[in-house]
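Note sheet for the following structure.
Source: prediction; values computed, not measured.
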2 protein chains.
Amino acid sequence: MNIKEASEKTGVSSAAIRYYEKESLIPAIDRTPVGNRDIDDRIIRRIRFVTQMRAAGMSIENLRRYIQLFDAQEDNTKEQKALLQEQLGVMEEKRDDLQAAIDHLNYKLNHFYDHMESTEEELRALEREHADKVAKQDDTPEDESDHNF
Amino acid sequence: MNIKEASEKTGVSSAAIRYYEKESLIPAIDRTPVGNRDIDDRIIRRIRFVTQMRAAGMSIENLRRYIQLFDAQEDNTKEQKALLQEQLGVMEEKRDDLQAAIDHLNYKLNHFYDHMESTEEELRALEREHADKVAKQDDTPEDESDHNF
DNA sequence: TTACCCCTTGATGTGCACTTTAAGGCAAGG
DNA sequence: CCTTGCCTTAAAGTGCACATCAAGGGGTAA
């Protein structure tokens, strides 16, 4: 598979795939006799992994550190574990920040509807839609925050 | 309160506070007779709101659009609602991506321990620590992904 | 042969969200 | 009077993660 097909398959641009290779986020890719990249499914899976971790906010630098520990087949399990745990911590914090912001916006959204001229049907539909997210912290966020924002 | 104190109170640099004001993420700040910013608690709360939304991944541009709808005290409730819902969608998707990546790394972490020379005590401690996160999707992620990554 | 479409590398450009620098003003302390 | 320490604005610089461009090569089809 050439780089364009790989790009279409993964949704990652050709330039980004080359960039990832240069930055060692994916292993050195095999070349055809004329020097073109010949991309197989193993590379595709790694591109997808990189995409997932990038979407989750992991930096190129952290991702490279993490991946290099795997590519070097030495006994660095302890470091791998430490790196994983570190990254997990970062991501869990990020997730919680995100959840807090979501709760904040949901709170605002609910207060909107109190002042809106929407029909009862619309109101109940939206309440159903957001019921699960509001359930835990229903309508009472932190005291410190400016409820106008 | 001068800008330095506000910076210390919020953890946001003075330059960033000035930048936020210029970008209309916070309202025009009152000045002392000599032209220095005089920051009150209302501004502090807005800075904190901005910080929270930024941490959640909302762009400056989206944040400004959102805030301007509030600063203009017209009847734009519909647009406010639409913008809020749009942003909520973005953030929920982001949160889910993040959770997927966390699950992926937790899966890896668990498989590490199977091959590690750690003591039983360490193992059980870590399992307790991560029990809640693994509970829902215990040990069986998607088939498509490269389990070496 | 020309056109077209794919590819290569290396260099340079881009957008975001700030950070840093430059040049200067005001007020207090020694 | 001079230094210190806060402030101001405008402009330029920075780091990340790519995107785009320039200059060239290969393969196929009309």
Check whether any side-chain nitrogen or oxygen of [X] sits under 4.0 Å from OP1 or OP2 of [N], and answer yes or no.
| X | N | answer |
| --- | --- | --- |
| B:Arg64 | C:dC16 | no |
| B:Arg37 | D:dT9 | yes |
| B:Asn2 | D:dC6 | no |
| A:Tyr20 | D:dC18 | yes |
| B:Arg54 | C:dC18 | yes |
| A:Arg31 | D:dG25 | no |

Difference in axis direction between the ends of the helix from C:dT1-D:dA30 to C:dG30-D:dC1, five pairs, 10°:
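Computed angle between terminal axes is 30°.
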
Are [X] and [Y] side-chain neighbours, meaning at least one heavy-atom pair lies under 4.5 Å?
| X | Y | result |
| --- | --- | --- |
| A:Ile44 | A:Thr10 | yes |
| B:Gln87 | B:Met53 | no |
| A:Asp97 | B:Gln52 | no |
| A:Val12 | A:Thr51 | yes |
| A:Arg37 | A:Thr32 | no |

Rounded off to whole Å, could you give me the [atom1]-to-[atom2] distance for the [X] and [N] pair?
| X | N | atom1 | atom2 | result |
| --- | --- | --- | --- | --- |
| A:Asn62 | D:dC16 | CG | P | 11 Å |
| A:Ile17 | D:dA19 | CD1 | C1' | 14 Å |
| A:Glu61 | D:dC16 | CD | P | 8 Å |
| A:Lys22 | D:dA19 | NZ | C1' | 12 Å |
| A:Ile39 | C:dT8 | CD1 | C1' | 13 Å |
| B:Glu23 | D:dT9 | CD | P | 14 Å |
| B:Asp38 | D:dT8 | CG | P | 11 Å |
| B:Ile47 | C:dA17 | CD1 | C1' | 16 Å |

From the set C:dT8, C:dT19, D:dC18, return the single nucleotide nearest to any side-chain atom of B:Ser13.
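The closest nucleotide is C:dT19.
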
Could you work out which one of D:dC7, C:dC7, D:dA17 sits closest to the side chain of A:Lys4?
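Nucleotide nearest to A:Lys4's side chain: C:dC7.
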
Report which part of the nucleic acid A:Ser14 touches: base, sugar-phosphate, or nothing (heavy-atom distance under 4.0 Å, all strands).
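Result for A:Ser14 = nothing.
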
Report which part of the nucleic acid A:Ala15 touches: base, sugar-phosphate, or nothing (heavy-atom distance under 4.0 Å, all strands).
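The answer is base, as A:Ala15 lies within the cut-off (heavy atoms under 4.0 Å) of a base atom.
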
Does A:Arg18 or A:Asn36 map to a spot on DNA chain D nearer the 5' end, using the closest nucleotide for each?
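Its nearest nucleotide being more 5', the pick is A:Arg18.
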
Between B:Glu61 and B:Arg64 (salt bridge meaning N to carboxylate O under 4.0 Å), is one present in this structure?
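Answer for the salt bridge query: yes.
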
Does this structure show an ion pair linking B:Arg31 with B:Glu21, if we count only N-O contacts that are shorter than 4.0 Å?
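Salt bridge present between B:Arg31 and B:Glu21.
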
Test side-chain contact (heavy atoms from CB on, under 4.5 Å) applied to B:Leu25 and B:Phe49, B:Tyr19, B:Tyr20, the passing residue:
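Going through B:Phe49, B:Tyr19, B:Tyr20 one by one, the side-chain contact (heavy atoms from CB on, under 4.5 Å) with B:Leu25 is satisfied by B:Tyr20 alone.
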
